[in-house]
Every structure is written in C-alpha cells, then in structure tokens.
Amino acid sequence: MGGGGSVVNSSHRDDTPVLITEAQPSYDDQQAQRRRRYAIMMASRIPCLVVAAVVFQLWQLWWLSLIILAISIPLPWMAVLIANDRPAKKSEHVNRFRRSPHSIESRSHQVIEGS
C-alpha cells in the first residue's frame, strides 16, 4: 500500500465553469439586447427634454438647457443605428495540418523493386 501516487485535495479544486466554445450569443439574445438598448435610449429622450425645460424655468440657464436639448436631438437616430447593428462576426482561425520538415513523410525512403 505504500504507493508513490499523489492525493488530490478536493478543497483546492477550482469549480468555476470553463468556456469551451467561442460561440456567439444566439440571434434571439442579440436581438433582445438591441431592443433593450433602443428602449433605454428612446426613453431617455423625454427626461432630457423635461430637464432642459426645468433648468431653463428654474435657473434661466439657457446655455445649459441648449446643451441638454442638443444631447437629446440625435438620440433617436443613434438608437436606430445601434438597434439595427449586429455585432461583427468573429474571424475564425482554422487549424490546418502543416507538414513539418522532420516528419516521417518528408524523409527519403528506400525503394525495393521486384523483378
């Protein structure tokens, strides 16, 4: 019973999941994420307009109101662009066999001809 094997202590084992694939999220997941971004950006436009009006009414800071208003103007355009933009496809590295100069096939072989 005095084997020289090592004992693995399970308390030191890392149980975190390992990513075994580089697959992209499904089309439905991507579309749901784009819809969420679109909704957030479009929903933030109304509060921007309200804040611009409140800033102008309470403090008469017309320049700050204009800045807030200027930020809210391109939001619908940006929201549409982001919602319609799918993530770029990843370029995949194809693992191809490459013969090394020292492989068995590259050596010269003795040919025996029969008569």
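No hydrogens, no waters, no symmetry mates; every other heavy atom, side chains included, goes into these values.
- Membership of the apolar cluster around Leu81 extends to Met41, Leu75, Trp77, Met78, Ile82, as traced through chained side-chain contacts below 4.5 Å between ILVMFWY residues.
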Distance-only donor-acceptor hits, side chain of residues 60-72, under 3.5 Å, sequence neighbours excluded:
unit_1 : atom_1 : unit_2 : atom_2 : d
Gln60  : NE2    : Phe56  : O      : 3.4
Gln60  : NE2    : Gln57  : O      : 3.2
Ser65  : OG     : Ala52  : O      : 2.9
Ser65  : OG     : Phe56  : N      : 3.2
Ser65  : OG     : Leu61  : O      : 3.2
Ser72  : OG     : Leu69  : O      : 2.8

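- Listed by chain and residue number, nothing satisfies the side chain to side chain donor-acceptor pair (under 3.5 Å) test with Asp85 (two or more places apart in sequence, or in another chain).
- Among pairs with a residue in residues 29-50, those fulfilling side-chain hydrogen bond (donor to acceptor under 3.5 Å, both in side chains) read Ser26-Asp29, at least two apart in sequence or across chains.
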